[in-house]
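As structure tokens, the structure follows; a few thoughts come after it.
For this chain, numbers begin at 1 and follow the sequence in order. Order of listing sets the numbers, starting from 1, for every ligand and every atom in it. It should be emphasised that the depicted structure is a prediction, and the values quoted were computed from it without experimental measurement.
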Amino acid sequence: MSVTSHAVVHSKTMVARRWPYAALIGLGALTAAAFVSQPQGVGGLAFGVFGTTCTIAMAIGPVLRRAQPRRAWRYQTASAVCFLGATLVGAGAIPTSAGVLAQRDVWMVVAYLTLITCYVRLLLAHPGQGGRTMLLDGGIISGGVFLAFWSGLLASGLRGAELRASYGGVGSAAASAFFASCDGLMLMITFRLAYAVGRQVPAVTALLVAAGGRFITTTAFAAADHFDSTSLVAVLDVAIVATITAMVIATTHPSSVDLPGQARPTTERSPGRRSMLLLLLVVPAGAAIGFPVSGRYDALVRIVVLALILMLVYLRLATADDERDLADASALHRTRHDTLTELPNRTAFLADTAKTLEAADRDGGLWTLLLLDLDRFKHVNDTWGHSAGDELIRALGERLCRLVRAEDIVYRIGGDEFVILAQLPLGDQLSVIAQRVLSEIAQPVTLGSGQVFNVTASIGVSQAESPAATSAEELLRDADIALFTAKDRGRATWTLFDTSLRDRVTDRVRLAEDLNEAVPGGQIVAFYQPIRGAAGFDTLTGFEALARWHHPQRGLLCPTQFIPLAEDSGRIVEVGEAILRQACRDVARWRRMSGAELHVSVNVSAVQIARSDVAAAVAAALQDEGLPPCALWIEITESLLMQDKALALRTIESLSAVGVKICIDDFGTGYSSLGYLKDFPVDVVKVDRAFVAALTDDRRAITLTGAIIDMVHALGLDGVVAEGVERQDQADILTSLGCTWGQGFLWGRPIPADRTDALLAEEALPRLVPSDVPPADTRQTLTSGIARHLP
Ligand code: C2E
Ligand code: CA
Ligand code: CA
């Protein structure tokens, strides 16, 4: 895992942490300037101090950062120590007479060997990198560079190489050629790493600059004296300082903590790579043959190295190219990555988190998991199709990646679920971060088609207070519980896990499971609440069907306890249809029994509309009961009109075509304007009970309710139902405002179907009709309307 330190989100603290690097670069520039102008004076001293400090920083940087994989970075630390040794020998701080170890080049050779080991380990730590072929390629390249340098240096009389070494010519040439070939190899590995990481990661950029810088300076130093140019030497001094600076950044920057973990394997084949390699060989081979041989040793070395290279080339051509590697790599990639977003998946998340918790246990640190789930995403898929949904997920995944720091990883662990694991502070800052993520997600997303989506997300947060005792699965489960609670609190919010949440949630999860049995078991039943009309609301005109759940253990449950669960699981389609069927059956019976034109109101949820063909279900139910469509009112909440105008309009139009009455439920709670009413072909408006409750002590409630009633009349709609009427004074005001219907505890609570017949028996009922069969001409048009919606 590669997440450390404080804020997961780019914030002021991120900007603040850039200054040490800016200062370092500034200091490097000053040192270089001083050294170029006064190599023997102050500049020399400055260079010594700068170099020493940087080397120490490189040695301890990865240790402090706890960079992964640890082994690899330990080699880097060892190599920095050796470079420091070389620098001290060079500066005369360690006497050259102290034996072999005092030789600057010996320090350098060890430094290079350990550094190479670090790079190779970094590369191999991620098995998807095609390591075997990479190492063969690397061997060929470094062999080639070695040969070119060796032959060139010896042929040019070793003038460049002699500068750097105080011992014999052959040894000096060997050392120079060796350094150059190491630099070539490391440059190649860094290229490969940079390519694998794919996006801009500061540590990788710095590694590239460092490797490039080393290769250029090593090469140029060998040639500097040959060209005898002082200005070239000055440029090289600057390059050395820049290289050191880049190495410090590469090894201390937080984005270096887990480079292999950030790498994605390349799954595409690179057909040109083999021909490129062969072409590259021409140069060293030309050098080996072209430069005159200076002695027996020289000839022997050239032959041996050339033979080695040829052997590597043979092996390289003989391996079944990268195919197996690539197959392995892409198989591994597929198991760890999500194909839609290319983000690491649940498997990768669990593995990485387990590793992180294990390490955190040793090193301390509070790890925080943010589990993010998009709100009502199913609705997007259902309404706009899966390709729009996919595009949206991809866009939001990218947005999350941009939001977190370079060293943080975003995982997509499920359809619309993302997680981020990070070391985060507690308290207020955590809240600021969670809020920031929420508000970023809530920004509109424009898809390729030009469609604009506004989605929100909910976040569950869990923290591993004692990493030893926490497994990745537990951390995720806790975050899941917190997420569930966030959804329950109305979505678009975040919740931090605590143990009390668990009990409540397990309870709800069990209830959600029980719901699977509820409809088949006949446990979902309709209760009916009377709706009254005419002067003083003294006539019963119909009922609203309100769902109840006869839970085998828990008794009678209210819709608020299970409708949201049913909406989340999609069971609402079944629940809604069960209520629709019962309501149609009951209203048909009431009409038969009483001969009165009674109606029944059925609630339809937005999820149900999005996920099923409500108009077809309604048409089928009407036909099965032989009901005229005007006996059925369908209630759609005002919030649906606001959420998704297009879907609402389509639904209302097709329901109107069936002939049922359309009611806008909870009117006034969704902040919609009265103007909405003219945009939709609705028949009845149900004024929310909040207005009714306020009627007696808030003049504005009277004005508003009056305005709604007037508007409905002016538009020629059927009328207004006032909901939640509990007292006579409310009913009186509503009568004076010209309200058509009333519904509320004043006249009765919702009752089971078997008690409605008794209620009807004692009521004065509306105009009697000869039978429940509508007149022939209306029936004609009605049935044709219905027929269009039947399968
Ligand atoms: P709603 O559609 O606004 O239904 C009216 C709610 O107000 C009912 O609550 C009813 O019992 C309550 N109520 C009626 N008169 C009064 C009153 O005078 N005072 C007060 N304080 N409350 C009153 P209930 O039955 O608990 O239903 C709650 C909500 O659940 C409903 O609100 C509706 O949105 C939803 N619901 C109920 N049945 C169904 C269903 O079959 N399908 C769907 N999708 N939603 C349903
Ligand atoms: Ca309702
Ligand atoms: Ca309502």
Side-chain angles (χ1 to χ4, degrees), residues 379 515 518-519 523-532 537 542-550 556-587 599-612 614 617-618 621 632-641 643 651 655 660-670 682-696 720-731 734 739 741-753:
H379 179 68
L515 194 58
V519 174
Q523 298 163 8
I524 302 289
V525 296
F527 271 40
Y528 295 99
Q529 185 180 33
I531 298 176
R532 309 185 65 95
F537 305 110
F543 290 93
E544 175 173 2
L546 292 156
R548 296 290 182 271
W549 179 5
H550 277 294
L556 194 66
L557 300 181
C558 285
T560 41
Q561 291 171 280
F562 65 90
I563 294 285
L565 285 182
E567 287 181 329
D568 284 345
S569 65
R571 293 257 166 229
I572 189 67
V573 175
E574 284 175 40
V575 171
E577 201 160 329
I579 298 292
L580 173 71
R581 289 284 171 172
Q582 291 176 34
C584 287
R585 204 182 319 123
D586 289 327
V587 75
H599 58 83
V600 73
S601 249
V602 171
N603 294 283
V604 169
S605 115
V607 179
Q608 202 179 336
I609 288 175
R611 308 190 77 172
S612 65
V614 176
V618 162
L632 183 61
W633 293 11
I634 294 293
E635 299 194 7
I636 295 172
T637 59
E638 182 192 30
S639 48
L640 175 74
L641 310 192
Q643 261 171 32
T651 310
L655 283 168
V660 294
K661 301 264 182 220
I662 311 290
C663 310
I664 300 304
D665 203 358
D666 303 342
F667 192 82
T669 54
V682 302
D683 304 294
V684 174
V685 170
K686 297 190 78 170
V687 177
D688 191 71
R689 71 164 176 270
F691 285 85
V692 175
L695 278 181
T696 43
V720 175
V721 183
E723 300 190 283
V725 183
E726 296 182 349
R727 296 195 314 267
Q728 191 54 49
D729 52 354
Q730 295 167 336
L734 288 164
C739 184
W741 293 283
Q743 178 186 353
F745 293 169
L746 175 63
W747 298 294
R749 293 184 178 250
I751 50 170

ask   = With a cut-off of 4.0 Å, which atoms of ligand 1 are near a heavy atom of Ile579?
value = 41 (O)
ask   = Do you see an N/O/S atom of Asp666, backbone or side chain, under 3.0 Å from the Ca ion (ligand 2)?
value = no
remark   = For Glu726, the atoms of ligand 1 under 4.0 Å from one of its heavy atoms are 17 (C), 18 (O), 19 (N), 20 (C), 21 (N)
inquiry  = Please report whether ligand 1 has a polar contact with Gln608, defined as an N or O pair separated by less than 3.5 Å (distance criterion only).
reply    = no
request  = Give a yes/no verdict on whether any heavy atom in Arg548 is under 4.0 Å from an atom of ligand 1.
outcome  = yes
ask   = Is the shortest N/O to N/O distance between Phe745 and ligand 1 below 3.5 Å?
value = yes
query = Going by the order shown, which atoms of ligand 1 are within less than 4.0 Å of some heavy atom of Glu544?
reply = 2 (O), 4 (O)
Glu635 near the Ca ion (ligand 2): N/O/S under 3.0 Å = yes
ask   = Is Pro750 in contact with ligand 1, taking contact as a heavy-atom separation below 4.0 Å?
value = yes
task = Measure from the Ca ion (ligand 2) to each N, O or S atom of Thr637 and report whether any distance is below 3.0 Å.
result = no
ask   = Touching ligand 1 at all, Thr560? Heavy atoms, strictly under 4.0 Å?
value = no
Three-point angle Glu544:OE2, the Ca ion (ligand 2), Asp665:OD2, rounded to the nearest 10° = 170°
inquiry  = Between ligand 1 and Ile572, is the shortest N or O to N or O distance under 3.5 Å?
reply    = no
All pairs passing salt bridge (Lys or Arg N to Asp or Glu O under 4.0 Å) where residues 564-574 contributes a residue, at least two apart = Arg491-Asp568, Arg571-Glu574
remark   = One finds that the ligand 1 atoms under 4.0 Å from a non-hydrogen atom of Gln529 are 14 (C), 15 (N)
